[in-house]
Amino acid sequence: MLWKAANNRKYLPLLAIAGAFLLWLGWPVKPLPLFLFFGLVPLFLMERIIEHPSFTRPAATFFKYAYLFFVLWNAFVTYWVSYSTLPGGIAAVLCNALLMCIPAMLFFFTKRRLGPKIGYPSFIVYWLAFEYFHLGWDLTWPWLTLGNGFAQRPEWVQWYEFTGFLGGSVWLLVVNILFFKAFVDHPTKTWKPYLLPALLVVIPIAISYGIYFSYEEKGAEAEVVVVQPNIDPYEEKFRDGKNYLPIDQQLGRLLTLSEQTITPKTQLLVWPETAIGENFQEDQIHSYPNINTLKSFVGSRPGLDLLAGINSYTLYPDEKSATVSARFREDLGYYDVFNTGMYLTNKGEISLYHKSKLVPGVEKLPYPKFFKFLGPLAIDLGGMVGTHGTQEERTVFPHSGTGQPASAPVICYESVYGGYVSEYIRNGATLICIITNDGWWSDSPGYKQHLQYATLRAIENRRSIARSANTGISGFINQRGDFLQKSEWWKQAALRETVKLNTELTVFSRTGDLIGPAAQWLTLALIFYVLLHKILLRKPHHPHYEPRKSL
């Protein structure tokens, strides 16, 4: 076998390429998720080869090839980030790959210190802790969380209603390690060592199909309309665009598409993120002519409410009152800008929600308290750039009628966060409304992956989803994660659907992420044990674990 000879370091770059390629083959939007169950095997094979005594600097060697593996995986799956900014896209790939090396190196040192019986399970713990950490800090980028890999096959992971998408990460990690162990520890042609990992693939899928076919959607019905105005975010939407479309024309397109599709039974109309490209001062929002136009439109149609994305800002009287995210202009003083979801009721009442999971480098300067001086370097995607304000609570918008949708205004990037979205559900949401502007990434896998991830939110919370995207894809997803309707990419559209409004909470909706915090505590315990073991023994390796002489 290739890991049993000292001169097989030539296989290391090939294994790095093979692993990244397998994960790319399995990632949405390609319908090949079975490859995900083998994608990490080459990483473990690399570590096994480097275990050979001929490697004088094994840690540095493993880091080098693990980093190559992660760089290629990130580049293959998320290269489209560079469509908005090439330097930013390259930095995202390189930095995220470097972060992924942290759990890999912790595994490497743990296995060398404590042996394979603890080493391989430690990789599961370290990786899950990393994924959970990556959900919450200021450079958050959970796009490649392993559990997201099944978004193209929601019928395989109906049990996410109990575990959330980190449960899918556990599944993939365990099966990859078992396939690796079967391959290296039993190099004969017998099939028996592969039986356990194969069963661990088949049984959860079979259980999921059982849930899928037996599940019946719950809740009252509501007619909802989503609108896709298809306004180019680079050229048309904002004032610095070459073919800028005046705001009254943008608004006119939204109103025309809405008028063509709503019926007297329509209870909720959903427009995309930053649908109205005007900057609204929040304490004076009722005074704007375009807002009054919307009030007239909605108010003349009994039972209809509107959820739309806007840009808004609020002023502070002095620096002491300002938040850490606040900006300063001589003519305005201190102020915060927000990517906002505006809910306009049939009665003319307005409620606002501020997007709070912000895109690093675009909407948020990481740790602004310390790095505020870097604000001018924010990536400009058009419109309002730099650090935005946020809010602590997940606001839910109740319909102005009785027993109607209670809408969760999930804005763009927020829909990638399972535990975050579950907070809306615990606050009473019966319908998830995703409003987004996916035109930044051109016609690439980016917007398609973003669309598919929404199916996981539907399953985790058993909530229907209404999705309005500026350039596509808009549509509806039911409580099983099935698409009921989808628009075409880069075409004007308005879709109408009758959705179910579930009021029951799933296990995941009640608890949020439990796997991640548990993994973080176990990570601390493992690191403490490894350090303690080193201090007590003062030896480079575990006394009962030495590299195999046959290697």
(message) Between Trp80 and Ser442, is there a side-chain heavy-atom distance shorter than 4.5 Å?
(response) no

(message) Rounded at 0.5 Å granularity, tell me how far CG in Asn478 sits from CG in Leu484.
(response) 4.5 Å

(request) For Glu273 and Cys412, indicate whether the former's side chain and the latter's backbone hold a donor-acceptor pair under 3.5 Å. (result) no

(message) In terms of relative ring orientation, are Tyr529 and His533 parallel, tilted or perpendicular, with 30° and 60° separating the classes?
(response) perpendicular

(message) So that I can tick it off, tell me whether Lys500 and Glu217 are bridged by a salt bridge, with the cut-off set at under 4.0 angstrom between side-chain N and carboxylate O.
(response) no

(message) Any non-hydrogen side-chain atom of Phe21 less than 4.5 Å from a side-chain atom of Trp73?
(response) no

(request) Evaluate the side-chain proximity of Ile459 to Phe165: yes if any heavy-atom separation is below 4.5 Å, no if none is. (result) no

(message) Measuring from atom CG of Leu99 to atom CG of Leu94, what distance do you get when rounded to the nearest 0.5 angstrom?
(response) 11.0 Å

(message) Here's one to test your reading of the geometry: is the NZ or CZ of Arg457 within 45 degrees of the ring axis of Tyr160 and under 6.0 Å from its centre?
(response) no

(message) Keeping Lys448 on the side-chain end and Ile473 on the backbone end, is there a donor-acceptor pair under 3.5 Å?
(response) no

(request) Kindly say whether Val410 contributes a backbone atom to a donor-acceptor pair with the side chain of Glu414 at under 3.5 angstrom? (result) no

(message) If I compare all heavy atoms of Gln479 with all of Leu501, which pair ends up nearest, and what's the gap?
(response) NE2-N, 4.5 Å

(request) Evaluate the criterion side-chain hydrogen bond (donor to acceptor under 3.5 Å, both in side chains) for residue pair Arg153 and Gln452; output intermediate values, then yes/no. (result) CA-CA 9 Å; Arg153 284 288 178 266; Gln452 288 297 146; over 6 Å; no

(request) Test Asn470 against every option in Asn230, Thr436, Asn437, Asp438 by the side-chain hydrogen bond (donor to acceptor under 3.5 Å, both in side chains) rule and name the one that passes. (result) Asn437

(message) Using ring centroids (six-membered ring only for Trp), state whether Trp143 and Trp441 fall under 6.0 Å.
(response) no

(request) Would you check if there is a donor-acceptor pair between the side chains of Tyr413 and Thr140 at a distance under 3.5 Å? (result) no

(request) Determine, stepwise, if the pair Glu223 / Arg496 fulfils side chain to side chain contact (heavy atoms under 4.5 Å, CB included). (result) CA-CA 7 Å; Glu223 184 176 283; Arg496 181 177 63 247; 3.4 Å; yes

(message) Between Ser82 and Ile90 (side chain of the first, backbone of the second, donor and acceptor by atom type, cut-off under 3.5 Å), is there such a pair?
(response) no

(message) So which atom in Pro272 and which in Ala469 form the shortest heavy-atom distance, rounded to 0.1 Å?
(response) CB-C, 3.8 Å

(message) A side-chain contact here means heavy atoms from C-beta on lying under 4.5 Å apart; do Leu23 and Val77 qualify?
(response) no

(message) Please list all pairs meeting ring-ring contact (aromatic ring centres under 6.0 Å, His included) that have one or both residues in residues 456-489, counting only residues at least two apart or in different chains.
(response) Tyr447-Trp489

(request) With rounding to the nearest 0.5 Å, note down the distance linking CG in Leu135 to CG in Asp513. (result) 6.5 Å

(message) If you compare all heavy atoms of Phe70 against all heavy atoms of Ala104, which two are closest, and at what distance to 0.1 Å?
(response) CE1-CB, 4.0 Å

(request) Run the numbers on His354 and Glu392 for side chain to side chain contact (heavy atoms under 4.5 Å, CB included), then give the verdict. (result) CA-CA 9 Å; His354 301 138; Glu392 291 296 324; over 6 Å; no

(message) Looking at Asn148, is its backbone amide N or carbonyl O close enough to the side chain of Thr145 to form a donor-acceptor pair, meaning the two atoms are under 3.5 Å apart?
(response) no

(request) Can you measure from CG (Asp443) to OH (Tyr83) and round to the nearest 0.5 angstrom? (result) 8.5 Å

(message) Run Ser122 and Lys111 through side chain to side chain contact (heavy atoms under 4.5 Å, CB included) and show every step you take.
(response) CA-CA 8 Å; Ser122 78; Lys111 180 172 175 285; 5.9 Å; no

(message) Within the 4.5 Å heavy-atom criterion, are Tyr65 and Glu47 side-chain neighbours or not?
(response) no

(message) Return the CD1 to CD1 distance between Ile411 and Ile435, rounded to the nearest 0.5 Å.
(response) 4.5 Å

(message) Has Asn176 got a side-chain atom pairing as donor or acceptor with Gly39's backbone, closer than 3.5 angstrom?
(response) yes

(message) Side chains of Glu161 and Tyr215 only: does a donor on one sit below 3.5 Å from an acceptor on the other?
(response) no

(request) Test Val170 against every option in Leu172, Leu173, Val174, Leu166 by the side-chain contact (heavy atoms from CB on, under 4.5 Å) rule and name the one that passes. (result) Val174

(request) Would you indicate whether Lys265, at its atom NZ, is surrounded by more than 12 heavy atoms from other residues, nucleotides or ligands within a distance under 6.0 Å? (result) no

(request) Would you check if the distance from the ring center of Tyr353 to the ring center of Tyr424 is below 6.0 Å? (result) yes

(request) Kindly say whether Tyr212 contributes a backbone atom to a donor-acceptor pair with the side chain of Glu155 at under 3.5 angstrom? (result) no

(request) Go through Leu128 and Leu522 one step at a time and tell me if the side chain to side chain contact (heavy atoms under 4.5 Å, CB included) criterion holds. (result) CA-CA 10 Å; Leu128 291 171; Leu522 286 173; over 6 Å; no

(message) To check you understand the geometry: which heavy-atom pair defines the closest contact between Ser169 and Glu131, and what is its length?
(response) OG-OE1, 2.6 Å

(message) Minimum heavy-atom separation for Ser214 and Gly210, please, with both atom names.
(response) OG-O, 2.8 Å

(request) Give a yes or no answer on whether the side chain of Thr261 reaches the backbone of Leu495 with a donor-acceptor pair at less than 3.5 Å. (result) no

(message) Taking the side chain as everything from C-beta on, heavy atoms only, tell me whether Val41 gets closer than 4.5 Å to Leu22.
(response) no

(message) Counting the benzene-type ring for Trp, do Trp159 and Phe150 have ring centres under 6.0 Å apart?
(response) no

(message) Taking the six-membered ring for Trp, are Trp24 and Phe35 closer than 6.0 Å centroid to centroid?
(response) no

(request) Answer yes if the ring centres of Phe44 and Phe179 are under 6.0 angstrom apart, and no otherwise. (result) no

(message) Could you tell me if the side chain of Tyr343 sits less than 4.5 Å from the side chain of Leu268, heavy atoms only?
(response) yes

(message) Any donor-acceptor pair under 3.5 Å linking the side-chain atoms of Arg467 with those of Gln485?
(response) no

(message) Tell me the closest heavy-atom pair linking Pro197 and Val175, and the distance in Å.
(response) O-CG1, 4.1 Å

(request) Would you check if Leu106 and Val125 make a side-chain contact, meaning some heavy-atom pair closer than 4.5 Å? (result) no

(request) Taking Ser208 for its side chain and Ile205 for its backbone only, find out whether a donor-acceptor pair lies under 3.5 Å. (result) no

(message) For the aromatic rings, using the six-membered ring if either is Trp, is the centroid distance between Phe183 and Tyr194 under 6.0 Å?
(response) no

(request) Could you label the plane-to-plane angle of the Phe123 and Trp127 rings as parallel, tilted or perpendicular, counting under 30° as parallel and over 60° as perpendicular? (result) parallel

(message) If you count heavy atoms of other groups shown closer than 6.0 angstrom to CH2 of Trp521, is the number above 12?
(response) no

(message) So does Glu393 get a backbone contact from the side chain of Gln391, meaning a donor-acceptor N/O pair under 3.5 Å?
(response) yes

(message) I need the Phe69 CZ to Cys101 SG distance, nearest 0.5 Å.
(response) 10.0 Å

